[in-house]
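Notes follow the structure.
Computation of the quantities below employed the complete heavy-atom set of this structure, encompassing side-chain atoms and omitting hydrogens, waters and symmetry-equivalent molecules. Every chain is numbered from 1, with letters handed out A, B, ... down the list of sequences.
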Amino acid sequence: MLANEEVTNEGRSDRGNHPVFRRPMKQWMMRITAYADRLLADLDRVDWFESVKLMQRNWIGRSEGAYISFATDAEPGSSGSAMSNANRSGSAIEVFTTRPDTIYGTTAMLLAPEHPLVDELVADEWPADTDPRWTGGAATPREALHAYRAQAAAMTDLQRQTERDKTGVWLGLNCRVPTTGEPVPVFVADYVLIDYGTGAVMSVPGEDQRDWDFSVQFGLPIMRTVQPPPDFDGEAYDGPGLAINSDFLNGLGKDDAIDAICDWLEERSCGRRTVTYKLRDWLFSRQRYWGEPFPIVFDETGLPLAVPEAELPVELPELIDWAPRALDESSEPEPPLGRATEWATATYDLGDGERAYRRELSTMPQWAGSCWYYLRYLDPANDDTLVDPEVERYWMADPDGGVGGVDLYVGGVEHAVLHLLYARFWHKVLYDLGHVSGPEPFGRLYNQGYIQAAAYQDSRGVYVEASEVTERGGKFFWGDAEVTRHFGKMGKSLRNAVTPDDIYSAYGADTLRTYEMFMGPLDQGRPWETHSVIGSHRLLQRVWRSLIDEQTGELTVADVEPDADLERMVHRTIDAVTDAMSDLRFNSAIARITELNNELTRRGGATPRSVADVLVRLLAPLVPHLAEELWSKLGNTTTVVYAPFPLADPAMLAAEVIEVPVQVNGKVRSRITVDAGISPADLEAAAKADDRIAQLTAGADIRRVVTVPGKLVNIVLS
RNA sequence: GUCGGAGUGGCGGAAUUGGCAGACGCGCUAGAUUAAGGAUCUAGUGCCCGAAAGGGUGUGGGGGUUCAAAUCCCCCCUCCGACACCA
């Protein structure tokens, strides 16, 4: 059992890539749609990437619009049964539209093939002179409908998405546009989705391209009801404009026209304003073994009852064989827990004495636990309650009145509309019940990029083991065979996985951490290069040798003060690393630490103790093991974790003398060394006095001199 | 198709606000050290011309704004990701 979002575009399961069959079943649902508006509104209050917020907004898919009823014609001459005639005459079709202002342009009514009214409405015979395009070549509307449904059902979702030519069949009857009473034909068309809105749409070709395409296909008239701009040369026009051909709406702008028509429809009870969502309720049952069992039992009448709190939790039974039996399209789905025959029946006193009940055999999806684990982490040993309220407030509440939640949540974008939406919903429910102090689970979210790896295919397109491929002269070979390279997610199918264990044993965990953080920006995908890991390993070795004599293992740190240059460099490094770390730019932080250590290597000799101390504390968040060892060697008796991060002294950041480039016409021609606090006038004079600059400007007409204190001088000649 | 992100040396990438493009690392070249190899250390390394000094050119392509553009504006191209007939 899968939710829609667990099915891939190819119509297979997201996990395991198994074929998926559609089957109607009775299932537990979570009413996440009741929270749709709050899930949408609170996105404005969290510090997340705009792209993820957008994905959630699109997934929730809030649309304002109107339901409108279209009365159907029961053809007096129809030879339908008394029963179906009775139904038909009473049936109105309700549509959902975001553009009720375009109703005067309606030229057809379209129903999804699965729409429940279709069978009631379909006529028994084609009227005389029916357009042959409308019949699908069938002798009667009913036959046309059956054939069309069979054809739609045979198509996979992928085909339905790529096959965009509009198709459909006429049901052999008309309905009436409520504003005009005009008859328009009722079609079944598979581009209308049963899952969205009411499963029926009014076809307005003038303002909707899909309807335009359909109308062209079926020879239906097209009339604009919104005036496009004069230079518009497209087909359907859905932009802003004044209403035309629309009776009392004529001359109104879009919003005013929508208001006016909604008032009109509501006064006559044939329509009403509404809001719909793309978001569906959350299907919460799974026919799997590994999942939390539902604390629900059924009595003999099939009434579901909650297991009393004192009996919680309901735990999974031990099952020897819980693997799903092979299922195909024709087999009856069976939950694995159905095999735990003893467990499946439970005895409880639910108010009228001890009685036997049947347990719910479905389990919860994997998302059930990931919706609240971060709360449980706050107070994991607490057996009485989810989380102690005081503990929860300490960790999760925002003293500045924000939404609170986890301070920084790092994860992949693949959870943008699954875990991250479910957890927000769950948290809001807990918030409403008073169990948590804020409305959002994750105040700040950061999405790290995927690390990709090179994958290689031979001439047949078969993937070969990436670690066995060698590069010669810009080409890649597996044995003697040339192979082609591309980059993809690490994994078995591309045969390009690099396991952390191998890197640990070759270089250690600190090196792996350093390399991963140094590869590039955290939020971007980057290619893994095993041969580059050595660079991070060298850095750590060089740091070690800056502080420790490799031969003796003795500390080589000296109790001397660093000279002014080194002191300034230390503070500039602290400043830069602090900035980079708070922005999660770890690659830059590591680069700056490397520069400081390179300077120590260049100088040779013993490292001043204060510099060694700073170096180790800067490194501690990145390489905890190495830093802890060095910290202890420096004579500290407590862990470096409790040592404060170094603070830069602002007075030490500015150099006394600086080198300033001098440009002539925007090109750097020389550099001058000046006091840091030099005035612009003196800076300009110093630039002009420079030998090379004097040479280049001699006899030329200086039109302008731009001096940027501390940055540069640009002399513009005419 | 729509939305989002990104294009900088041989490679990964740096460049808070327009102000020295290429920090840092990999790789490569040369030297020191070494019995040798590895490791280590030092120097060099965008491209073109030049012995050098120096000059030209250069951040996907084209145009623009500016004394000055990887950075701002307009048009185009390519790659990656998400969604996919949502009425």
Side-chain angles (χ1 to χ4, degrees), chain A residues 9 49-52 54-55 57-59 61-63 65 95-100 102 110 157-158 160-164 166 189-193 195-204 207-211 213-214 238 276-279 413-414 416-417 449-450 452 474 487-488 514-515 518-521 523-536 538-539 541-542 545 550 576 579-580 583 585 587-595 597-598 601-602 604 659-671 692 703-708 710-717:
Chain A
N9 281 341
F49 284 172
E50 213 38 56
S51 58
V52 176
L54 194 66
M55 282 161 84
R57 285 191 191 106
N58 290 342
W59 191 265
R62 183 181 199 273
S63 307
V95 302
F96 170 72
T97 176
T98 56
R99 297 296 303 275
T102 64
L110 309 176
D157 278 2
L158 190 67
R160 273 175 84 152
Q161 280 162 24
T162 44
E163 191 57 59
R164 293 224 166 179
K166 300 287 178 281
D190 69 358
Y191 77 92
V192 179
L193 307 175
D195 288 336
Y196 186 75
T198 61
V201 303
M202 58 187 210
S203 175
V204 187
E207 283 79 38
D208 186 294
Q209 186 61 42
R210 296 159 299 181
D211 296 341
D213 295 341
F214 184 83
D238 59 9
T276 64
Y277 302 91
K278 217 169 102 180
L279 181 71
V413 268
E414 72 273 23
V417 290
Y450 291 108
Q452 301 198 308
F487 287 87
T514 307
Y515 173 64
F518 184 65
M519 286 167 79
D523 60 336
Q524 277 164 41
R526 302 143 284 171
W528 173 273
E529 287 177 319
T530 300
H531 71 257
S532 290
V533 176
I534 188 71
S536 298
R538 282 182 194 146
L539 166 65
Q541 287 179 323
R542 285 159 63 112
R545 284 197 299 268
E550 273 197 302
D579 268 11
D583 280 356
R585 287 169 19 241
N587 52 331
S588 296
I590 292 168
R592 299 309 294 262
I593 293 171
T594 306
E595 281 180 297
N597 190 62
N598 284 352
T601 305
R602 199 170 297 119
E659 197 185 54
V660 175
V662 181
Q663 299 179 332
V664 175
N665 287 338
K667 289 183 188 191
V668 179
R669 295 302 182 190
S670 185
R671 290 160 203 285
R692 201 166 147 61
R703 186 151 55 99
R704 184 174 170 189
V705 178
V706 181
T707 59
V708 183
K711 290 283 187 185
L712 57 52
V713 178
N714 187 12
I715 299 172
V716 186
L717 308 178

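- Side chain of Asn714(A), nearest nucleotide from A87(B), A68(B), C26(B): A68(B).
- With respect to the salt-bridge test (charged N to carboxylate O, under 4.0 angstrom), the residues Arg57(A) and Glu50(A) qualify.
- Checked against G25(B), C67(B), A87(B), the side chain of Asn598(A) finds its nearest nucleotide in G25(B).
- Taking atom CD of residue Gln524(A) and atom C1' of nucleotide G12(B), one finds them 12 Å apart after rounding to whole Å.
- A sub-4.0 Å separation between OP1 or OP2 of C26(B) and a side-chain N or O of Arg538(A) is present.
- On a pure distance criterion of 3.5 Å, a polar donor-acceptor pair joins the side chain of Lys166(A) and the base of C85(B).
- OP1 or OP2 of A15(B) lies within a sub-4.0 Å distance of a side-chain N or O belonging to Arg585(A).
- Of the candidates A23(B), C20(B), A15(B), the closest approach to any side-chain atom of Glu595(A) belongs to A23(B).
- At whole-Å resolution of the value, CG in Asp523(A) and P in G5(B) are 11 Å apart.
- Ser536(A) and Tyr515(A) get closest at one heavy-atom pair: OG-CA, 3.3 Å.
- The nearest whole Å value for the distance from the NZ atom in Lys278(A) to the P atom in U2(B) is 16 Å.
- Computed from coordinates, the Met55(A) CE to C3(B) P distance equals 16 Å when rounded to whole Å.
- Taking syn as a glycosidic angle within 90° of 0, G54(B) does not qualify and is anti.
- Across all strands shown, Arg526(A) has heavy atoms under 4.0 Å from sugar-phosphate atoms exclusively, and none from any base.
- Taking the side chain as every heavy atom from C-beta outward, Val662(A) and Arg692(A) never approach each other to under 4.5 Å.
- When only modelled atom types and interatomic distance are considered, Asn714(A) and Arg704(A) share no side-chain donor-acceptor pair under 3.5 Å.
- OP1 or OP2 of G56(B) sits under 4.0 Å from a side-chain N or O of Arg669(A).
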